[in-house]
Amino acid sequence: MMNWGLLGAGLVLGIAACGSALGIGCCANAAIGAWKKCFISNKAAPMTFLVFAGFPLTQTFYAFILMGQIKTAAFATPENGLLYLAFSLAGGLAIGFTAFVQGKAGAFACDALAETGKGFAQYISVIGISEPVALFAMVLTMISL
């Protein structure tokens, strides 16, 4: 008999990691473009762009924690496997989309900071607003198990 919950445990991490990769890639591309703008205009090229690009990485960690909980539940009660699979898909998508959105916000932050040299704290604040969504998705999914 297939344990669908274990499949879900793998999917939650895979989906969230894909979201993190997309978010990091989106922001990393913008960071490179922003550095180029700085170099062309003979401005200092801030390394803080790396902070923006790194934000989506945390979602993979949240998904790893959630994966462990789903795996434990799936081993304990394999008959609820489809339920765990559904929770895994919902949690993984919520966490993954949050990472992607953070990457997009980070990309705009890189561009704005490169042009103005101002607003780092405001940009971090805006990027961080989506972080609780991933945390809530992780915690509420764990509670629902």
Side-chain angles (χ1 to χ4, degrees), residues 2-41 43-75 78 80-145:
M2 171 109 174
N3 189 332
W4 293 100
L6 292 179
L7 175 65
L11 283 175
V12 73
L13 182 61
I15 292 168
C18 286
S20 289
L22 290 171
I24 291 167
C26 180
C27 191
N29 290 337
I32 291 168
W35 279 322
K36 178 183 168 186
K37 280 183 186 179
C38 291
F39 294 142
I40 288 171
S41 61
K43 289 184 189 176
M47 293 303 290
T48 53
F49 297 159
L50 293 175
V51 174
F52 300 146
F55 257 91
L57 183 60
T58 58
Q59 277 75 357
T60 300
F61 182 67
Y62 302 149
F64 179 73
I65 294 169
L66 181 56
M67 179 189 73
Q69 292 294 313
I70 292 169
K71 196 166 79 169
T72 300
F75 273 125
N80 292 335
L82 288 176
L83 178 67
Y84 300 140
L85 177 63
F87 279 123
S88 299
L89 291 173
L93 286 170
I95 294 169
F97 278 123
T98 302
F100 178 66
V101 168
Q102 276 188 331
K104 284 188 68 164
F108 285 102
C110 287
D111 184 56
L113 187 61
E115 275 189 36
T116 65
K118 298 176 184 175
F120 177 75
Q122 289 89 341
Y123 305 144
I124 287 288
S125 298
V126 169
I127 295 168
I129 287 172
S130 60
E131 192 76 19
V133 175
L135 285 166
F136 293 152
M138 176 190 72
V139 171
L140 296 175
T141 302
M142 289 167 63
I143 290 170
S144 299
L145 295 174

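FYI, the numbering just counts along the sequence from 1. We use all heavy atoms of the structure for the numbers below, so side chains are in, but hydrogens, waters and symmetry mates are not.
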Exercise. For Leu7 and Asn3, what are the C-alpha separation, side-chain angles and deciding distance, and is it a side-chain contact (heavy atoms from CB on, under 4.5 Å)?
Worked result: CA-CA 7 Å; Leu7 175 65; Asn3 189 332; over 6 Å; no

Going by heavy atoms in the side chains, are [X] and [Y] under 4.5 Å from each other?
X	Y	result
Leu113	Phe52	yes
Gln59	Gln102	yes
Val126	Phe108	no
Leu145	Gln69	yes
Pro46	Cys38	yes
Phe87	Ser144	yes
Ile65	Met142	yes

Problem set entry | Test log, rule side-chain contact (heavy atoms from CB on, under 4.5 Å), inputs Trp4 and Leu83 | CA-CA 8 Å; Trp4 293 100; Leu83 178 67; over 6 Å; no

Taking atom [atom1] of [X] and atom [atom2] of [Y], what is their separation to the nearest 0.5 Å?
X	Y	atom1	atom2	value
Phe61	Leu13	CZ	CG	11.5 Å
Ser88	Leu11	OG	CG	7.0 Å
Ile124	Ile129	CD1	CD1	11.5 Å
Cys27	Ile127	SG	CD1	6.5 Å
Ile15	Met67	CD1	CE	13.0 Å
Leu50	Cys110	CG	SG	8.5 Å

Problem set entry | CA sep, side-chain torsions, deciding dist, call: Leu66, Tyr62, side-chain contact (heavy atoms from CB on, under 4.5 Å) | CA-CA 6 Å; Leu66 181 56; Tyr62 302 149; over 6 Å; no

Using every non-hydrogen atom in the two residues, find where [X] and [Y] come nearest and quote the distance to one decimal.
X	Y	value
Ser20	Thr60	OG-OG1, 2.8 Å
Ala107	Cys26	CB-O, 4.0 Å
Ala137	Ile95	CB-CG1, 4.0 Å

Exercise. Taking Lys37 for the side chain and Glu115 for the main chain, is one N or O donor matched with an acceptor at less than 3.5 Å?
Worked result: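 Here the side-chain-to-backbone pair does not exist.
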
Exercise. Given the rule in the side-chain contact (heavy atoms from CB on, under 4.5 Å) test, do Trp35 and Met47 qualify, once you have shown the distances and angles that lead to the verdict?
Worked result: CA-CA 9 Å; Trp35 279 322; Met47 293 303 290; 4.2 Å; yes

Exercise. Take atom NZ in Lys36; do more than 12 heavy atoms of anything else shown fall under 6.0 Å from it?
Worked result: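 Count not over threshold, so no.
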
For this session: Might you confirm whether atom OH of Tyr123 has over 12 heavy atoms from other residues, nucleotides or ligands at distances under 6.0 Å?
Result: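 For Tyr123, atom OH is crowded (more than 12 foreign heavy atoms under 6.0 Å).
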
Exercise. So, Glu131 and Thr98: side-chain donor and acceptor under 3.5 Å apart, yes or no?
Worked result: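 Note: Glu131 and Thr98 side chains miss the donor-acceptor criterion.
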
For this session: State which residue, out of Ile24, Leu22, Val101, fulfils the side chain to side chain contact (heavy atoms under 4.5 Å, CB included) condition with Pro56.
Result: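 The side chain to side chain contact (heavy atoms under 4.5 Å, CB included) with Pro56 is passed solely by Ile24 among Ile24, Leu22, Val101.
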
